[in-house]
Amino acid sequence: MRAAIAAAEVGDEQRREDPTVTELQRRVAELLGQEEAVFLPTATMANQIALKLHSRPGDVLLAEETSHVVIYEYGGPAAHAGLMVQGLRGHAGRLTAEQVRAAVPARTKTADQAPAVLSLEDTHNSAGGRVWPLDELEAVVDAARDGGLRVHLDGARLVNAAVAQSVAPAEIAGRFDTVTICLSKGLGCPLGALLAGSAPLIDRAWREKHLFGGAMRQAGIVAAAGLYALDHHVERLAEDHARARRLATAWHEEGVPVDLDQVETNFVQVDLGPLGLTRDEALARLRDAGVGLSSTIHPTVLRAVTHLDLSDEDVERAVELVAPALGCRSSVRA
Ligand SMILES: Cc1ncc(COP(=O)(O)O)c(C=O)c1O
């Protein structure tokens with residue numbers, strides 16, 4: 001990837017003259033089953049631009065209540081688009097068609113304060129990298145469209161979902177009006193994200209990109225990493241998923257509180273509740289043992305993530321170190 005970055009052909013991205021950015025946008029639009037895509041610095045910006053495209057100030061955003069757009073984007077939907085957020089309680093990060101239908105009231109006034117856009121997340125970060133079954137996704141998207149809503153997919157980790165389900169990313173992403181994809185997560189790039197959608201929407205997104213201060217110059221330096229990742233880092237996500245499963249299964253056997261059903265992609269969530277440890281105590285013990293886990297929005301849940309910088313040996317080391325560090329049952333017995 002570093003070599004691809006060094007060799008990148010570049011131009012002025014703001015003037016749409018950077019050939020590497022243009023090629024990345026073309027490749028990502030095709031990958032996602034959308035007409036066009038625009039290159040952006042972050043997935044947060046991609047989500048925020050999308051929400052602005054689909055709404056007017058005073059409209060309502062429907063989203064699962066722990067989704068990234070609701071809890072991690074600093075109130076961006078309100079700050080940028082003037083949206084009111086209506087968070088819906090999900091299961092494994094997912095909503096049902098009934099929930100969406102119930103959240104779209106019948107029109108009562110000439111100018112309603114009404115939901116304009118539904119945002120879904122796949123894989124779902126706070127739920128532990130959970131994947132939407134395609135039939136559920138379709139039912140929810142259909143319910144939203146029946147209610148006159150636009151639908152956005154926060155697919156920061158969409159490629160993980162596609163690999164986990166053995167489907168083309170377009171099969172998931174092609175159903176949405178707009179889709180965010182992030183390059184700096186499982187795909188392993190230093191930064192970058194894209195927003196994809198119809199040609200008229202992406203045309204408007206370019207204007208928003210300027211308004212957000214995100215239009216760039218020789219951005220091909222970064223886009224080259226994205227092209228490299230599309231060629232080399234997509235199928236290998238299955239290795240991250242297998243390593244997460246190995247970690248989860250082994251930790252579970254060692255008495256580390258892990259719900260194996262939750263492990264669908266590259267996250268393993270560890271519940272500290274049964275261990276009687278606080279988050280800070282557990283993180284400090286793990287750090288001392290040389291293993292990095294991170295906190296989540298759930299006060300007693302930690303997250304381990306497998307990614308392209310982790311080898312099988314690293315995973316085996318984590319298997320050895322984590323149960324004793326947390327004082328789990330079988331390591332205590334040993
Ligand atoms: C689901 C989801 N969407 C969006 C983002 C934002 O990504 P970025 O850091 O590129 O803004 C994240 C980051 O963790 C995420 O998990």
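For ligands, and for the atoms within them, numbers begin at 1 and follow the listed sequence.
Within the 4.0 Å heavy-atom criterion, the part of Ala156 lying near ligand 1 is the side chain and not the backbone. Of the heavy atoms in Thr44, both backbone and side-chain atoms come closer than 4.0 Å to ligand 1. Of the heavy atoms in Leu191, none comes closer than 4.0 Å to ligand 1.
In terms of N/O distances under 3.5 Å, ligand 1 is approached by Asn125.
Under a 4.0 angstrom heavy-atom cut-off, Lys185 registers as being in contact with ligand 1. Residue contacts with ligand 1: Ala193 is excluded, as none of its non-hydrogen atoms falls under 4.0 Å.
No hydrogens or angles considered: nothing links the side chains of Ser119 and Glu121 as a donor-acceptor pair under 3.5 Å. For Asn266 and Thr306, the side-chain atoms include no donor-acceptor pair closer than 3.5 Å. Checking Thr44 against Asn47 by side-chain atom types alone, no donor-acceptor pair falls below 3.5 Å.
For ligand 1 and Arg157, the ligand atoms under 4.0 Å from any heavy atom of the residue are 1 (C), 14 (O), 15 (C), 16 (O). Listed by number with element, the atoms of ligand 1 under 4.0 Å from a non-hydrogen atom of Glu121 are 1 (C). Within the listing of ligand 1, atoms 10 (O) sit less than 4.0 angstrom from a heavy atom of Cys182. Close approach of ligand 1 to Thr42 is summarised as follows: ligand atoms under 4.0 Å from at least one heavy atom of the residue are 10 (O), 11 (O).
Here the side chain of Glu17 pairs no donor or acceptor atom with the backbone of Asp12 at under 3.5 angstrom. Side-chain atoms of Arg243 come within 3.5 Å of backbone N or O of Leu310 as a donor-acceptor pair.
Remark: minimum distance from atom 15 (C) of ligand 1 to any protein heavy atom is reached at His68 CD2, 3.2 Å. Atom 10 (O) of ligand 1 has Ala43 N, 2.9 Å as its closest protein atom, hydrogens excluded (heavy atom only). Looking only at protein heavy atoms, the nearest one to atom 3 (N) of ligand 1 is Asp154 OD2, 2.7 Å.
Closest approach of Thr42 to Ala193, counting heavy atoms only: C-CB, 3.3 Å.
Using a 30° and 60° split on the angle between ring planes, His233 and Tyr228 fall in the perpendicular class, above 60°.
Checked against ring pair (Phe, Tyr, Trp, His ring centres under 6.0 Å), His241 has no partners two or more places apart in sequence or in another chain.
Clustering of Ile, Leu, Val, Met, Phe, Trp and Tyr side chains at separations under 4.5 Å places Val38 together with Leu40, Met45, Ile49, Leu53, Leu195, Leu201, Ile202, Trp206, Phe212.
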